[in-house]
Amino acid sequence: MSFYKFPNDFWWGSASSAAQSEGASLAEGKAPTIWDHWFEQQPWRFFDGVGPADTSTFYQNYKSDIQLMKQLGHNSFRTSISWARLIPDGVGAVNPKAVEFYTNMIQELKNAGIEPFICLFHFDMPLVMQEKGGWENREVVDAYVEYTKTCFDLFGKDVRYWFTFNEPIVPVEQGYLYDAHYPNVVDFKRAVQVAYHTMLAHAKAVSAYHHSHEHGQIGIVLNLTPSYPRSSHPSDEKAARMADLLFNRSFLDPAVLGQYPQELVQLMADYNVAPKTEPGDSELLRLGKVDMLGVNYYQPRRVKARLNAINPDGPMLPEWFFEPYEMPVRKMNRYRGWEIYEKGVYDILLNLKENYGNIPCYISENGMGVEDEQRFIVNGQVQDDYRIEFIRNHLIWVNKAMTEGANCRGYHLWTFIDCWSWANAYKNRYGFVALDLKTQQRTIKKSGNWIAQVARDNGFDSGDN
Ligand code: FCB
């Protein structure tokens, strides 16, 4: 029996975010985000009509939750700061209650021996900023940079790992292309502007941090979805390259290499959707290179060459350049509708090694959302053997990539405790810890016990399940 060994300082933990876990959504001085607003306008777009006020009450229960993390063997945990809580007007005065909450929460993590990884923006645009045009408006970029500097000043002495954004492509595609997040715009050119300004905001925050707080590191969390062509036919391979360019390299290249891929710049020019820029932007982007990268990986993207013509009157979409391909036989997480392809994580890590200078990175999210987990309860505990198998199989590929030289420093599950998942609300459960929505009672799942053992041993053997 072989043993999958991870380094002694490997980061074991999980990730969460402010909007999805804090609760106290419109309390304690917090101003509304686009989520509070959208829920007020269109509550039917949220699963079972559950909105952002009903999250897992981390604001009240962070102390006992952090003790639970300790029981799970966490040595690190990522969450985010809510801009709308910290600076309710978007710019200007800070909310003292928020300063107190984040200071205490970070301190509590440190006291428990858990390294805080703090993300500065996780899909939760303050409504006041969206009313100014959100990321379409360059003023919002500057407001964000001021907000990040405030965070560095307030919490910088205790936080060594910062992240400017979580999955910055998600607000772009869901909010400006696919009508799945507020502001429900469908417009490629505006989407490009949003993407571009997000990366400028990122780059300016990175430089601000590098100027002021040398002792820590700053990165970004990207959801990388490796693109696989249906076949080796050149047209299928081209489709995969286009999907990779649009969905991965559009953020990965500026974040790690400090510049956009030339093919992407050309493509945007050819289709007349290039963003508005200002002199000096290229230099700003160059200064925005990250110290390390968080990789969120859930599923692969399989594509084929387009077989159907594009409606010339329809909106421009990334799918103009490829068609999604459903491989006939595949492993599925049927609850979420996502394919499970564990080797994808290895392919990502090797790509980072070979083409991105082997930048220090870690798996910042990976996980499995499952509906109706109560049906797996035996003697009061969710027996989530499927989740254990999911994590284990991904870790085996992470381990293989590391033995081949990939610079991967850790693995965080999405998520610590079942949480509110945007428009899906509580439909799918992802946590190591189950949450009873009515009583807010927390119970560790079988996967939670399992990961505690793995973290203690820094690995697992091949027969262990
Ligand atoms: C990721 C997000 C996270 C969570 C998981 C399920 O895309 O980063 O907030 O919703 O999906």
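Start at 1 and go down the list; that is how both ligands and their atoms are numbered. For clarity, every value in this text was computed on a predicted model and none was experimentally measured.
- Residue contacts with ligand 1 do not include Asn223, since none of its heavy atoms lies under 4.0 Å from the ligand.
- For Tyr144 and Phe165, the ring centers sit closer than 6.0 Å to each other.
- Remark: side-chain polar atoms of Tyr411 are not paired, donor with acceptor, to backbone N or O of Ile391 under 3.5 angstrom.
- In this structure, Phe117 has its ring center closer than 6.0 angstrom to the ring center of Trp11.
- Between Trp38 and Tyr182, the ring-plane angle classifies as tilted under the 30° and 60° cut-offs.
- Residue contacts with ligand 1 include Ser421, since one or more of its heavy atoms lies under 4.0 Å from the ligand.
- Counting heavy atoms only, Tyr298 comes closest to atom 5 (C) of ligand 1 of the residues Trp338, Phe123, Trp420, Tyr298.
- Near Trp422, meaning under 4.0 Å from one of its heavy atoms, ligand 1 places the atoms 9 (O), 10 (O).
- Residue Glu365 has at least one nitrogen or oxygen atom sitting less than 3.5 Å from a nitrogen or oxygen atom of ligand 1, judged on distance alone.
- For Glu167, a nitrogen or oxygen atom sits less than 3.5 Å from a nitrogen or oxygen atom of ligand 1, counting backbone and side chain alike.
- For the pair Asn166 and ligand 1, the shortest N or O to N or O distance falls below 3.5 Å.
- Taking the centre and axis of the six-membered ring of Tyr341, the NZ or CZ atom of Arg302 falls inside the cone set by 45° and 6.0 Å.
- Among residues two or more places apart in sequence or in another chain, the side-chain contact (heavy atoms from CB on, under 4.5 Å) test is passed with Asn248 by Leu224, Thr225, Ser227, Asp244.
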